Amino acid sequence: MLNVFIQTVGGLGLFILGMKMMTDGLQRSAGKRIKKILGAVSANRVIGCMTGAGVTAMVQSSSATTVMLIGFVSAGLMTLQQAVGVILGANVGTTMTAQLIAFKLTEAALPAFALGVGLKFFSKRKKTQYVGEVILGFGLLFFGMSVMKHGLSPIRSDPAFIEFFTRFDPGSFGGLLLCVLVGAVLTLMVQSSSATIGLTMTLASQGLLTFPGAMALVLGENIGTTITAELATIGSTNINAHRAARAHTMFNVIGVTIMLIIFPVFLQFVEFISLQMGAGPVDQKVGGDLVN
């Protein structure tokens, strides 16, 4: 069991390191352009939303985008209305990380290491080094996922662990709220919804979480990720900066609340969309393999 813990936590650490390297590399290579784009956003909320989605898909972190926006609002470079429009888009753009994880690109991890190290440590051009950092981070991200999966695989049939994970059963309203709470607390601790979503997807792929349980945890993780924006406003005297952070929190909390009210319908809709896109039916059993 110690080996399972070490591999799982170590894999999660590699995942977080990979996410940070990707984010840092992207911000260094395109940071000035991103700031110019965000600073030039018009009051048109549709354009602002699309810009927020695009920028966040690029930097792979809604927290990074939101913190930048709060900084712009504090400095008077953006109005509250502009910032809120971009924040709404950032919440859409951050889903790109989960989609990348779902593509199961673990076989590309080692080639990404080779290419990333070559570009980062053997190139003299700063831009090329930053691109190498992005590719290296990409490799670390998927290698971390692979390590987590390997570490969790021995406990798939362990009765004690199966009994533990059956507690994450959103069949009752109390169980649903417990899943959301656990997801939110985990993200508060790790400070990265991408990392906790990656862990949740790994647990689900190993059959340790049912599809409804994983979805409920993800909803909680969307609430937990708002803490970064709230922390970014500490010490700020600009009232609009605080309002921008509140808007980010309220958007996620209200969105999760609506999904909780229609949770069974939401699950059916997600499964229907997945089937239409070529995925197989969802296995609801804890401890069994998920059918893709």
Side-chain angles (χ1 to χ4, degrees), residues 19 45 48-49 52-53 56-57 60-67 69-70 80 83-102 165-204 208-233 242-274 282 284:
M19 280 298 307
R45 51 182 171 236
C49 186
T56 306
Q60 291 289 290
S61 173
S62 62
S63 296
T65 306
T66 307
V67 168
L69 291 168
I70 289 170
L80 177 63
V84 170
V86 182
I87 286 170
L88 298 182
N91 280 281
V92 176
T94 193
T95 61
M96 183 58 69
T97 306
Q99 291 302 319
L100 281 173
I101 297 168
F165 282 107
T166 52
R167 296 177 186 177
F168 297 98
D169 179 17
S172 64
F173 189 69
L176 181 58
L177 290 180
L178 174 64
C179 290
V180 172
L181 179 63
V182 169
V185 171
L186 278 174
T187 309
L188 286 171
M189 292 169 60
V190 179
Q191 286 286 291
S192 172
S193 60
S194 296
T196 49
I197 287 172
L199 178 60
T200 301
M201 292 175 71
T202 304
L203 291 167
L208 293 167
L209 281 176
T210 63
F211 170 59
M215 289 300 300
L217 283 170
V218 168
L219 290 177
E221 288 154 7
N222 275 278
I223 293 176
T225 192
T226 62
I227 190 62
T228 308
E230 296 290 352
L231 291 173
T233 63
H242 287 273
R243 286 171 177 168
R246 295 306 100 74
H248 178 48
T249 301
M250 287 172 64
F251 175 78
N252 284 28
V253 171
I254 292 170
V256 169
T257 302
I258 293 171
M259 290 303 105
L260 289 176
I261 293 170
I262 60 167
F263 192 69
V265 177
F266 175 57
L267 292 180
Q268 291 173 7
F269 179 70
V270 172
E271 189 166 356
F272 171 77
I273 293 296
S274 300
V282 179
Q284 303 288 341

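For reference, positions follow the sequence shown, starting with 1. This one's a predicted model, so the numbers in the text were calculated from it and none came from an experiment.
- Shown here for Thr226 and Asn252, the closest heavy-atom pair between the two residues is CG2-ND2, 3.6 Å.
- Of all non-hydrogen atoms in Ala229 and Ile70, the two that sit nearest each other are O-CD1, 3.5 Å.
- Pairs passing the side-chain hydrogen bond (donor to acceptor under 3.5 Å, both in side chains) check and including a residue from residues 211-221, sequence neighbours excluded, read Thr200-Glu221.
- Between the CG atom in Leu217 and the CG atom in Leu181 there is a gap of 10.5 Å [rounded to 0.5 Å].
- Contact check for Asn91 versus His248: side-chain heavy atoms found under the 4.5 Å cut-off.
- The two residues Leu188 and Gly224 have their closest heavy-atom pair at CD2-O, 3.7 Å.
- In plain terms, the two heavy atoms of Ala216 and Leu176 that are nearest each other are CB-CD1, 3.7 Å.
- Here the closest non-hydrogen pair linking Ile87 and Ala244 is CD1-O, 3.6 Å.
- Rounded to the nearest 0.5 Å, atoms CG (Leu267) and OG1 (Thr210) are 9.0 Å apart.
- Residue pairs meeting the salt bridge (charged side-chain N to carboxylate O under 4.0 Å, His left out) criterion with at least one member in residues 244-269, sequence neighbours excluded: Glu230-Arg246.
- If you run side chain to side chain contact (heavy atoms under 4.5 Å, CB included) between Ile254 and each of Ile258, Thr257, Val256, only Ile258 comes through.
- Here the side chains of Thr225 and Thr196 are not in contact, with every heavy-atom distance at 4.5 Å or above.
- To the nearest 0.5 Å, atoms CZ (Phe263) and CG (Leu219) are separated by 6.0 Å.
- If you take CG on Asn222 and CZ on Phe251, they are separated by 9.0 Å, rounding to the nearest 0.5 Å.
- Of all heavy-atom pairs between Thr233 and Ala245, the closest is CG2-CB, 3.5 Å.
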